[in-house]
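Scroll down for the structure; my scribbles are underneath it.
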Amino acid sequence: GLNVNRPVEDGSVDITSSLDHVDRIAGYHRIDRYGIAAFASTSRQQLQKKWLQYVAISGLLLLALIFILGFLTLRILRNQSAMHDQQKQLVILASIDGLTGLYNRRYGLNRLTEEFKRARRYQYPLSLFMVDIDYFKKVNDSYGHAAGDVALKAVTDILRTTCREQDIISRYGGEEFLVMLPETALDEAVRLAERLRKTIEQASIRLGSTDLKMTISIGVASCDLGSDNENDQTTSIQQADRALYRAKEEGRNRVCVSE
């Protein structure tokens with residue numbers, strides 16, 4: 001038994017029951033007002049069982065929490081990835097011409113600025129040419145705008161297949177295109193322009209029961225990388241445009257080089 005006159009207020013003690021000889025852990029609390037001590041005990045096996053139950057339940061709750069957090073994290077990452085993909089898609093859509101699938105004018109000019117800076121930094125040549133479909137208005141007037149769209153897309157397909165992989169093609173105007181040629185000197189750009197001109201001249205574009213023959217005029221220019229003028233890429237476009245105008249003045253279906 002416990003001596004209730006002991007000065008200890010409360011505590012615990014290991015005991016062995018004289019009835020069933022089971023080891024127990026007992027806790028007691030002294031109540032001075034009545035001169036007694038409250039006493040309770042439980043077997044070690046019961047205590048261990050409850051502790052193991054507590055650990056098991058806590059472990060399950062922890063696993064459930066980890067699962068929920070992992071699930072929520074995965075959802076957040078997937079949503080972020082989807083938003084990123086949507087943003088990329090919007091950027092792509094904003095840079096593409098709806099009819100031809102080429103880059104639009106704004107994107108083409110931005111890329112020209114980037115390519116110009118890169119060419120200046122690494123000192124490699126950069127050329128470009130302006131392409132215009134000859135007498136394209138007559139196609140629209142004779143066959144209708146729907147047929148004109150077919151012809152425009154056919155010329156676009158030839159542009160894609162004839163130009164090199166590194167070349168950057170954009171639709172600059174209605175039937176006008178801007179082609180950038182990184183790491184390409186002027187003489188090589190002229191050869192590429194002439195090859196493109198011949199390819200389109202020899203092609204036949206099917207419009208219903210009619211085989212349409214078309215030609216293009218091209219103005220070629222090379223970017224001046226030695227100048228410190230930040231607007232030199234604009235100057236290069238103007239030079240190519242003037243060369244294109246001269247090609248038209250001289251009879252069309254030809255390549256002219258900026259002077």
Side-chain angles (χ1 to χ4, degrees), residues 89 92-112 127-182 184 186-222 236-259:
Q89 189 66 25
I92 292 173
L93 290 174
S95 64
I96 297 298
D97 174 68
L99 177 62
T100 63
L102 297 174
Y103 294 125
N104 58 30
R105 176 173 178 154
R106 182 179 65 178
Y107 182 86
L109 292 176
N110 289 338
R111 280 298 301 271
L112 178 59
S127 297
L128 57 89
F129 49 74
M130 302 289 291
V131 181
D132 187 80
I133 302 175
D134 297 329
Y135 303 110
F136 186 74
K137 186 176 182 300
K138 289 184 178 180
V139 177
N140 284 329
D141 293 342
S142 301
Y143 301 99
H145 287 281
D149 289 346
V150 173
L152 190 64
K153 287 189 280 189
V155 172
T156 297
D157 291 339
I158 296 173
L159 269 170
R160 282 199 186 96
T161 55
T162 305
C163 290
R164 305 164 304 177
E165 185 177 354
Q166 70 266 30
D167 298 334
I168 304 162
I169 313 169
S170 63
R171 187 182 180 189
Y172 196 73
E175 66 273 15
E176 198 170 26
F177 305 91
L178 169 64
V179 182
M180 287 162 270
L181 302 103
T184 306
L186 184 61
D187 55 348
E188 178 64 16
V190 172
R191 283 194 292 270
L192 290 170
E194 184 61 31
R195 185 175 68 185
L196 174 63
R197 185 198 65 77
K198 288 181 179 178
T199 301
I200 290 180
E201 182 184 33
Q202 295 167 1
S204 293
I205 299 172
R206 191 72 174 175
L207 294 178
S209 58
T210 303
D211 286 330
L212 182 66
K213 303 294 286 186
M214 301 187 74
T215 61
I216 59 172
S217 299
I218 304 177
V220 186
S222 183
S236 299
I237 291 179
Q238 293 171 346
Q239 291 172 344
D241 202 44
R242 285 195 294 268
L244 172 62
Y245 181 79
R246 197 168 75 251
K248 292 180 178 181
E249 287 291 301
E250 293 178 5
R252 293 181 169 81
N253 190 25
R254 67 190 63 235
V255 175
C256 284
V257 183
S258 172
E259 295 176 347

Decide whether S217 and D134 meet the rule of one side-chain donor and one side-chain acceptor closer than 3.5 Å.
yes
Applying the side chain to side chain contact (heavy atoms under 4.5 Å, CB included) criterion to I218, which one of V255, L192, I200, V190 satisfies it?
V255
Could you walk me through whether L152 and F136 satisfy the side-chain contact (heavy atoms from CB on, under 4.5 Å) test, starting with their C-alpha distance in whole Å, then the side-chain angles of each, then the deciding distance to 0.1 Å, before giving a yes or no?
CA-CA 9 Å; L152 190 64; F136 186 74; 4.1 Å; yes
Distance from R252 atom CZ to R254 atom CZ, nearest 0.5 Å?
10.5 Å
Would you call M214 and V139 a side-chain contact if the rule is heavy atoms closer than 4.5 Å?
yes
Quick one, Y143 and L212 - any side-chain contact, counting heavy atoms below 4.5 Å?
yes
If you define the side chain from C-beta out and look only at heavy atoms, does anything of I96 sit under 4.5 Å from Y103?
yes
First locate atom CG of D167, then atom CG of L159, and finally report the distance between them rounded to the nearest 0.5 Å.
10.5 Å
K213 and Q202 have their tightest heavy-atom pair at NZ-O, 3.2 Å
Side chains of V155 and I205, heavy atoms from C-beta outward: is any pair under 4.5 Å?
yes
Please round to the nearest 0.5 Å and tell me the distance separating atom CZ of R197 and atom OG1 of T162.
12.5 Å
Please find the pair of heavy atoms, one from A243 and one from C256, that lie closest to each other, and give the distance.
O-CB, 3.3 Å
Nearest heavy atoms of L102 and R160, plus distance in Å:
N-NH2, 3.6 Å
Tell me, please, whether F177 has R171 positioned over its six-membered ring: NZ or CZ under 6.0 Å from the ring centre and within 45 degrees of its axis?
no
Would you compute the distance between atom CG of D141 and atom OH of Y135 and round it to the nearest 0.5 angstrom?
14.0 Å
Minimal non-hydrogen separation, I158 against A203, with atom names
CD1-CB, 3.7 Å
Separation of E201 CD from T215 OG1 (nearest 0.5 Å):
7.5 Å
Taking all non-hydrogen atoms of both residues, which atom of S258 and which atom of A221 are closest, and how far apart?
CB-CB, 3.9 Å
Is it true that R191 and E194 have a side-chain N and a carboxylate O under 4.0 angstrom from each other?
no
Would you say E259 has more than 12 foreign heavy atoms packed within less than 6.0 Å of its CD?
no
What heavy-atom pair brings L181 and A189 nearest, and what distance separates the two atoms?
CD1-CB, 4.5 Å
How many angstroms lie between atom OG1 of T156 and atom CG of L99, to the nearest 0.5 angstrom?
7.0 Å
Can L109 and I237 be said to form a side-chain contact (heavy atoms from CB on, under 4.5 Å), step by step?
CA-CA 10 Å; L109 292 176; I237 291 179; 3.4 Å; yes
Side-chain donor or acceptor of S127 paired with backbone N/O of T184 under 3.5 Å
yes
Is any side-chain heavy atom of E176 less than 4.5 Å from a side-chain heavy atom of D241?
yes
